[in-house]
Amino acid sequence: MTLSIAGVAARPKTATPSQARKFKLPLRWISPVALVLLWQLASSTGVLSPDKLASPLTVAQSAGELIADGQLGEAFAVSIGRVFFGFLIGGFAGVVLGLASGLSRWGETLLDPPVQMLRTLPHLGLIPLFILWFGIGEEPKLALVAAGVAFPLYLNLHAGIRQTDPGLVEAARVLGYSRIERVVHVVLPSAVPQTLVGLRIAFGTAWLSLIVAEQVNADAGLGFLINNAREFLRTDVVVVGLVVYALLGLTTDALVRLLERRILRWRAR
Amino acid sequence: MASAVSVRGLRKAFGPRTVLDGIDLEVQPGEFVALLGRSGCGKSTLLRILAGLDREVEGQAEVPGTVSIAFQQPRLLPWRKVWRNISLGLHKPDGRAVALKALEEVRLTDHADAWPLTLSGGEAQRVSLARALVREPDVLLLDEPFGALDALTRLAMHHLVEDLWTRHKPAVLLVTHDVDEALLLADRILVLDEGRIVATHHVDLPRPRRRASVVEQRTRVLADLGVDVEEAA
Ligand SMILES: Nc1ncnc2c1ncn2[C@@H]1O[C@H](COP(=O)(O)OP(=O)(O)OP(=O)(O)O)[C@@H](O)[C@H]1O
Ligand SMILES: [Mg+2]
């Protein structure tokens, strides 16, 4: 998951090929495992106080307890729900606007300038405004996630459509495709790879937005769990919450990769 | 009868560079014309204009009937299977059957369900050729359609194009760098140079033509292309 705000505005040129497969997996695990062992050692010898950071074993134990008493499951469901609905709203906006400005000249003339200006705003900085507009309930959280999703989707879909090979459009024209056929068979498929890149960035910023929104104010969800734990100096629970955030990010990333592999089967070579 | 292609005083410039400098050309329905000329002399540019893809020109270029084209690059949709590349835009209910028949003619039936990116250069070029031929247009524009083919496949494709031309009688404009190919297939050969048609050869040899029968005329065409055969030999 990309946790940089710059990632929202970045316009990646191509999909990065999966680097992970280039290395042998077991070798790649040596240093992470060593780090965890070191962390455990530091905790066991008292170098690292539990007030600063709980030991890996304590974290694991707390995770077990939080799962057993249903707290984690509940927080998990609440947070996922926020991302889901925020994503739905932002995704809809990003795709509709992206299509409108990618496919019609008027759409581009009217829509693209304001969107390109707005995208330079760090969207996490909108929180104060969102709180003023929507209060402190669920709405500002959904709005923040939606904003984080809409921009990367719009930008990449729009760029993808613009990158369509004019040679293919020409060929389609001479070969008798209707305008709708040109869009369906030429323009949209050629925008798909770039849009999938946008989708991955969108998921990354969705989680990031959620985390930030839940830090500001929450009475349920993973952020609430973490904030609550902080007040009682329960660093173990804080770490559990962070790990769950990370796992969620990894999961959506893997889902998009899976989607990529299915949809982009034609990239046989 | 009205011409299939009617070009008068056609000029085309890219910025300061004039690529076509006053082309006059009439192609009769059912006539097979070959276009020869050095690389960069404007052959593809002329074909693009005839296909209606470039309208920023001076002069007239009229093509009243239906047109189809095989571009110099295959220009297949990589995200559509080979057979779909042929049938899309045809608007026929039995698209797959039509596509399969066309693929049989270019000897690629086995690749009907392949992704275009898995094809070799010559295979992709044959799909592009099949895609152009299957449309049975009034005017068929072929931009070096045999460029990436080996000698044997090239012969087979010559026969295919000639056969299709005999059956449906479209007007054909074939761009090629191969003088023998032009002599084997065309009724008329045009030599393009510096944006003008500098020579026209009528080929009156009976069909089907054989290689040996074209040798004599080849020397004259080559001379117009600036090649002295005696010297080259
Ligand atoms: N869109 C363009 N913009 C600028 N110059 C162009 C453009 N298209 C073609 N040209 C120029 O016009 C000239 C003729 O190009 P064209 O593609 O018609 O050549 P050609 O005769 O088909 O050559 P070849 O045999 O190598 O295919 C070339 O010098 C090319 O650089
Ligand atoms: Mg050319």
Side-chain angles (χ1 to χ4, degrees), chain A residues 13-18 95 98-99 102-103 105 156-199 256-269, chain B residues 44 47-55 63 65-82 84-92 95 99 102 111 113-121 123-124 127-143:
Chain A
K13 290 191 183 70
T14 49
T16 42
S18 164
V95 169
L99 287 177
L103 295 178
R105 213 151 280 291
N156 286 282
L157 177 57
H158 178 259
I161 290 176
R162 290 285 136 207
Q163 280 164 14
T164 306
D165 177 0
L168 291 181
V169 179
E170 275 185 5
R173 189 169 286 148
V174 186
L175 295 170
Y177 289 37
S178 65
R179 180 170 157 75
I180 292 187
E181 282 174 321
R182 285 208 298 275
V183 171
V184 171
H185 298 294
V186 186
V187 178
L188 292 184
S190 74
V192 164
Q194 185 70 45
T195 307
L196 286 172
V197 171
L199 188 65
V256 179
R257 276 171 197 275
L258 199 75
L259 200 68
E260 246 169 28
R261 226 168 310 155
R262 279 203 58 81
I263 299 182
L264 302 183
R265 264 172 315 165
W266 53 267
R267 284 182 164 179
R269 270 204 305 218
Chain B
S44 297
L47 254 55
R48 280 173 48 82
I49 294 169
L50 295 181
L53 292 173
D54 190 346
R55 299 188 191 281
V63 184
T66 56
V67 179
S68 94
I69 184 167
F71 293 94
Q72 199 164 354
Q73 282 82 33
R75 300 200 189 180
L76 305 176
L77 301 175
W79 40 80
R80 292 287 180 266
K81 297 267 173 76
V82 164
R84 289 274 276 160
N85 264 284
I86 292 175
S87 69
L88 270 171
L90 268 179
H91 305 128
K92 287 192 180 166
H111 294 73
D113 290 305
W115 298 112
L117 289 181
T118 64
L119 300 178
S120 76
E123 286 166 349
V127 174
S128 160
L129 181 63
R131 183 177 68 174
L133 298 181
V134 82
R135 270 146 233 273
E136 296 175 10
D138 299 324
V139 178
L140 182 58
L141 306 171
L142 303 175
D143 199 347

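So that the names make sense, note that chain A is the first sequence line, chain B the second, and so on, each numbered from 1. In what follows, every heavy atom counts, from backbone to side chain, and hydrogens, waters and symmetry copies are set aside.
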* If you round to the nearest 0.5 Å, how far is CG of B/Leu90 from CZ of B/Arg131? -> 10.5 Å
* Applying side-chain contact (heavy atoms from CB on, under 4.5 Å), run through B/Leu53 and A/Val174 and close with a yes or a no. => CA-CA 8 Å; B/Leu53 292 173; A/Val174 186; 3.7 Å; yes
* Structure fact -> Between the OG1 atom in A/Thr195 and the CG atom in A/Asn156, the distance rounded to the nearest 0.5 Å is 7.0 Å
* Asked: Which pair of heavy atoms, one from B/Gly89 and one from B/Arg135, lies closest together, and at what distance?
  -> C-NH1, 3.8 Å
* Top of B/Gly52, B/Pro78, B/Ala51 for chain A proximity - count of heavy-atom pairs under 4.5 angstrom -> B/Pro78
* Side-chain donor or acceptor of A/Ser190 paired with backbone N/O of A/Val186 under 3.5 Å -> yes
* A/Glu170 side, atom CD; A/Asp165 side, atom CG - distance, nearest 0.5 Å -> 9.0 Å
* Structure fact -> residues 69-77 of chain B vs chain A, non-hydrogen distance cutoff under 4.5 Å, contacting residues -> B/Ile69, B/Phe71, B/Arg75, B/Leu76, B/Leu77
* Hey, which of A/Arg182, A/Arg173, A/His185 has the most heavy atom pairs under 4.5 Å with chain B? -> A/His185
* Structure fact -> Heavy atoms of B/Ala132 and B/Pro137 approach each other most closely as O-CD, 4.2 Å
